[in-house]
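Let me begin by presenting the structure, written as structure tokens, before commenting on it.
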Amino acid sequence: IDGSSLTFLGFEDLHDTDYDSYEINSIFNTYEHVERSRELGACIYSIHVYPSSDFEDEYKSATPLILTLVVGGVFLSIITSFLFYDTFQRKRNTKVVVNAAKSNALVTSLF
């Protein structure tokens, strides 16, 4: 099946066996009463549909990997920015405390 077109390959089971676990099947016999399914002209067939490597290739892309790397990069840059900010604030706070202690010692020695 390719879009709205269908290509008949044959009466054999010609699907790629690598995709057996992805089988979707549908029974055409959807009568509520089993005895009606045996009437002349009743359709008692089922269809088994399997994906193919072409179908899989249409959905393979590097987009999930790229988006993961971008989000990870943004997260790492935010963490790095926070760590730099924290380091500078600690140094600044240490300077303020040291200068306050010196000022306090100076004022205390005067009185």
Handout entry: From OG (Ser52) to CG (Asp18), nearest 0.5 Å
Key = 11.5 Å
Handout entry: Pairwise distance CG(Leu76) to OG(Ser81) - rounded to 0.5 angstrom
Key = 10.5 Å
Practice task
Measure across Tyr19 and Ser53 and return the closest heavy-atom pair with its distance rounded to 0.1 Å.
Solution key: OH-CA, 3.3 Å
Handout entry: Same cluster (ILVMFWY, side-chain, under 4.5 Å), Ile79 and Val71
Key = no
Problem - Rounded distance (nearest 0.5 Å) linking atom OH of Tyr50 with atom CG of Asp20 - result: 5.5 Å
Problem - NE2 on His15 to OG1 on Thr17, rounded to 0.5 Å - result: 6.0 Å
Practice task
Can you establish whether the number of heavy atoms outside Ile24 located under 6.0 Å from its atom CD1 is more than 12?
Solution key: no
Fill in the blank from the handout: Applied to residues 77-89, the salt bridge (Lys or Arg N to Asp or Glu O under 4.0 Å) test, sequence neighbours excluded, yields Asp86-Arg90
Practice task
Look at atom CZ of Phe11 and say whether more than 12 heavy atoms of other residues, nucleotides or ligands are closer to it than 6.0 Å.
Solution key: no
Exercise for the section: Hey, could you give me the CG/CG distance between Leu65 and Leu69, rounded to the nearest 0.5 Å? Expected result: 4.5 Å
Completion exercise
For Arg92, the salt bridge (charged side-chain N to carboxylate O under 4.0 Å, His left out) test, sequence neighbours excluded, returns none
Practice task
May I ask you to check whether Asp13 and His48 show a side-chain donor-acceptor distance below 3.5 Å?
Solution key: no
Exercise for the section: Could you tell me the separation between the CZ atom of Phe82 and the OG1 atom of Thr80, rounded to the nearest 0.5 Å? Expected result: 11.5 Å
Problem - Of all pairs that satisfy salt bridge (Lys or Arg N to Asp or Glu O under 4.0 Å), the ones with a partner from residues 46-65, not counting sequence neighbours - result: Glu56-Lys60
